[in-house]
Amino acid sequence: MNREVIEYLFGMSFVRWMAAIAFFLKGTLLLGLGNFYRGMVDLCWVSRVPDVAIMKRQADKRIRQMIEQFKREKENKLALSYLANDNAFACASLYSITRIGKHDIFRDLIVLKTAFENEKGVILLKYARTFEAVMAIFDVRRLLDRYLFVLEPCWAGYCDPSLLMFISYGHPVIVQCFTEEDSQFISQVGAPLFPIHMGPADWVDSDLFSTDPGDDRIYDLVMVANWERHKRHAQLFKALCNIRNRPVHVLLIGFQLGERTAEDIKQEAAIIENPLIKIEIRENLPAREVASCLKRSKVFVFLSRKEGDNKALVEAMFSGVPAIVYDKTIGGAKYRINSATGVLSSDEELSEKIEYMLDHYREFDPRNWITQHSGSVVATRRLNDIIKHITAQAGEKYTRDIVEKTNSPNLTYKNRKCRDLFKEDYEFILSCQRRLANHPKCQNRVMGVA
């Protein structure tokens with residue numbers, strides 16, 4: 001069943017009700033049988049996805065009960081259940097450290113502070129899949145004894161086992177939250193999880209994405225997104241069909257993800273049939289070329305119904321480009337729109353909002369606002385402050401600050417020489433690899449060691 005069919009079916013209230021009831025009953029049964037991981041996966045899904053209020057309340061009540069149980073245990077039963085599940089091996093086997101997969105775990109795991117005697121270091125993990133992979137690949141208890149963890153999810157909806165597995169008595173874990181709903185959820189979970197209101201887009205390198213002293217803004221609209229349907233390029237083209245009295249130069253920067261290609265985008269754009277509307281497509285641009293294109297754009301467009309914390313939107317703001325953001329979007333984008341940075345728009349208003357922004361884009365000042373509230377310099381300072389506060393509350397030492405990292409798009413040190421400073425920390429992390437017990441592919445060996 002393809003994504004379009006699933007989205008069509010999920011548009012029906014009856015289908016969502018039936019799915020919510022089925023998953024709630026299955027999750028409750030699995031918890032009763034002691035399969036905490038699979039049971040929590042199903043209950044968390046009921047809480048996050050189908051938008052059935054009665055079933056969400058019931059799932060949330062059961063989830064809260066389980067969270068309190070996990071918090072009382074020195075060994076998180078959810079994590080132990082996950083490690084006994086085939087999902088743990090499947091996730092671990094995606095990574096080259098296991099000598100099975102191709103992905104580099106250290107693309108999405110970074111040391112921000114070295115561990116000293118009687119003073120913890122800091123490790124940051126990006127993506128929910130990385131949270132699960134680290135749990136499967138490493139002895140997380142050993143790492144938590146030596147490091148404070150920072151989790152950087154990239155998708156809205158934090159009621160998820162990948163985060164809850166990090167509840168461990170006596171070990172604080174900071175969770176970046178880019179929506180109010182997820183911040184409230186982590187606050188309700190309480191210690192040892194601590195929310196900080198920021199997300200992946202807050203780690204943009206403001207030195208790379210900057211404004212041009214000239215005013216050579218040749219692109220009227222710019223959209224930076226992969227070619228998947230949920231980015232809703234088609235909605236932009238539909239709106240452009242209603243603009244008949246002015247030329248509009250549109251730049252689409254993207255890349256293939258899944259089956260859809262730039263040819264699919266061109267076919268969707270064919271509905272415009274207006275020689276005044278020019279659609280330019282550029283694929284697989286490196287970050288510096290994206291930055292150069294943004295400097296020459298007037299208005300950024302973001303139309304996803306649900307996403308995480310969109311980094312391209314913040315990059316545009318650092319480039320002095322105000323934005324039009326879909327007003328019902330779920331994720332971090334909507335929270336960055338204000339009188340300085342852009343406007344919200346419904347689908348019905350999009351044509352009107354495009355014309356308004358093209359006439360008034362010079363009246364906005366997104367870079368001034370975003371420089372005060374976001375970017376890797378601001379994010380590093382804010383994260384360092386909360387770590388220092390939590391450490392002080394625990395009566396522990398904090399004599400050295402974290403280093404600055406950026407999302408480019410993967411985790412990168414602002415000063416590339418920092419990786420050498422943390423050589424011993426990465427060696428310790430490697431020494432914490434666990435065994436994939438009793439799995440024939442691994443022959444009970446330590447992962448990554450022949």
Side-chain angles (χ1 to χ4, degrees), residues 7 11 51 155-156 178-181 199 201 217 219-254 265 268-269 271-274 276-281 293-294 296-370 373-374:
E7 288 182 356
D51 193 25
W155 195 256
F178 48 84
T179 71
E180 292 294 340
E181 294 82 0
R217 301 211 171 233
Y219 303 112
D220 294 299
L221 303 177
V222 62
M223 193 169 177
V224 182
N226 63 59
W227 307 133
E228 287 295 280
R229 289 188 187 279
H230 72 272
K231 297 293 187 176
R232 302 211 304 154
H233 293 84
Q235 190 60 45
L236 173 61
F237 302 145
K238 183 178 178 181
L240 289 170
C241 287
N242 298 323
I243 299 176
R244 313 294 303 180
N245 60 347
R246 66 192 300 165
V248 182
H249 189 173
V250 182
L251 174 62
L252 304 177
I253 301 173
I265 301 300
E268 291 177 349
I271 68 166
I272 297 174
E273 296 182 342
N274 180 354
L276 292 176
I277 308 296
K278 179 182 178 182
I279 306 294
E280 181 178 339
I281 296 176
C293 290
L294 288 173
R296 292 179 290 158
S297 302
K298 297 175 183 175
V299 180
F300 183 89
V301 181
F302 176 88
L303 300 176
S304 297
R305 287 196 173 94
K306 181 175 182 179
E307 240 185 69
D309 194 25
N310 189 267
K311 188 167 71 70
L313 171 65
V314 176
E315 292 171 347
M317 290 180 181
F318 272 113
S319 304
V321 185
I324 301 172
V325 169
Y326 177 51
D327 64 349
K328 296 181 180 63
T329 188
I330 298 172
K334 186 163 61 175
Y335 296 97
R336 301 184 190 275
I337 297 301
N338 54 55
S339 59
T341 61
V343 297
L344 298 173
S345 174
S346 66
D347 288 342
E348 295 75 18
E349 300 172 316
L350 186 54
S351 301
E352 178 186 335
K353 290 294 177 73
I354 288 173
E355 294 201 82
Y356 172 83
M357 290 297 288
L358 291 180
D359 289 335
H360 298 275
Y361 73 92
R362 291 186 180 89
E363 298 170 16
F364 294 82
D365 191 5
R367 181 170 173 85
N368 182 52
W369 185 89
I370 203 71
H373 295 87
S374 188

Visitor: Between His249 and Glu280, is there a side-chain heavy-atom distance shorter than 4.5 Å?
Guide: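 A side-chain contact exists here, since the closest heavy-atom pair is under 4.5 Å.
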
Visitor: Which is it for Tyr335 and Thr179 under the side chain to side chain contact (heavy atoms under 4.5 Å, CB included) test, yes or no, and what are the steps along the way?
Guide: CA-CA 8 Å; Tyr335 296 97; Thr179 71; 3.9 Å; yes

Visitor: Which residue pairs pass the side-chain hydrogen bond (donor to acceptor under 3.5 Å, both in side chains) test with at least one member in residues 306-321, sequence neighbours excluded?
Guide: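 Only Lys231-Glu307, Ser304-Glu307, Glu307-Asn310, Asp309-Arg336, Lys311-Glu315 qualify under side-chain hydrogen bond (donor to acceptor under 3.5 Å, both in side chains).
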
Visitor: Using the side chain to side chain contact (heavy atoms under 4.5 Å, CB included) rule, take Val222 and Val301 through it: C-alpha gap first, then chi angles, then the decisive distance, then the call.
Guide: CA-CA 6 Å; Val222 62; Val301 181; over 6 Å; no

Visitor: Got a donor-acceptor contact below 3.5 angstrom from the Lys298 side chain to the Tyr361 backbone?
Guide: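 Between the backbone of Tyr361 and the side chain of Lys298 there is no qualifying donor-acceptor contact (under 3.5 Å).
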
Visitor: Would you say that more than 12 heavy atoms from the other residues, nucleotides or ligands in this model lie under 6.0 Å from the NZ of Lys238, or not?
Guide: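 Open.
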
Visitor: How are the rings of Trp227 and His233 set relative to one another: parallel (under 30°), tilted (30 to 60°) or perpendicular (over 60°)?
Guide: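 It falls in the tilted class, 30° to 60°.
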
Visitor: Name the one of Ile279, Ile243, Leu236 that satisfies side chain to side chain contact (heavy atoms under 4.5 Å, CB included) with Ile272?
Guide: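 Going through the options one by one, the only one that passes is Ile279.
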
Visitor: Does any N or O in the side chain of Ser351 come within less than 3.5 Å of the main-chain N or O of Ala239, such that one atom is a donor and the other an acceptor?
Guide: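 Yes; judged by distance alone, with no hydrogens or angles, the pair exists.
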
Visitor: What pairs with Arg362 under salt bridge (charged side-chain N to carboxylate O under 4.0 Å, His left out), at least two apart in sequence or on another chain?
Guide: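 Arg362 satisfies salt bridge (charged side-chain N to carboxylate O under 4.0 Å, His left out) with Asp215 once adjacent residues are dropped.
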
Visitor: For side chain to side chain contact (heavy atoms under 4.5 Å, CB included), just list the numbers for Arg296 and Leu251, CA-CA rounded to whole Å, side-chain angles, deciding distance to a tenth of an Å, and then say yes or no.
Guide: CA-CA 10 Å; Arg296 292 179 290 158; Leu251 174 62; over 6 Å; no

Visitor: Can any side-chain N or O of Glu349 pair as donor or acceptor with the backbone N or O of Ser346 at less than 3.5 Å?
Guide: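 Such a contact is found between Glu349 side chain and Ser346 backbone.
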
Visitor: State, yes or no, whether a side-chain contact exists between Leu276 and Val248 at a heavy-atom distance under 4.5 Å.
Guide: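 Of all side-chain heavy-atom pairs linking Val248 with Leu276, none is under 4.5 Å.
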
Visitor: So that I can tick it off, tell me whether Lys353 and Asp347 are bridged by a salt bridge, with the cut-off set at under 4.0 angstrom between side-chain N and carboxylate O.
Guide: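 Not counted as a salt bridge, because no side-chain N and carboxylate O are separated by less than 4.0 Å.
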
Visitor: Any salt bridge between Glu268 and Arg229, counting N to O under 4.0 Å?
Guide: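 So Glu268 pairs with Arg229 through a salt bridge.
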
Visitor: Could you tell me whether a side-chain N or O of Arg367 sits under 3.5 Å from a main-chain N or O of Phe318, the two making a donor and an acceptor?
Guide: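 Yes, Arg367 side chain to Phe318 backbone: donor-acceptor pair under 3.5 Å.
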
Visitor: Dump the intermediate steps for side chain to side chain contact (heavy atoms under 4.5 Å, CB included) on Asp327 and Ser345, then the final yes or no.
Guide: CA-CA 5 Å; Asp327 64 349; Ser345 174; 5.9 Å; no

Visitor: Any donor-acceptor pair under 3.5 Å linking the side chain of Thr329 with the backbone of Val325?
Guide: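 Looks like no, no N/O pair under 3.5 Å.
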
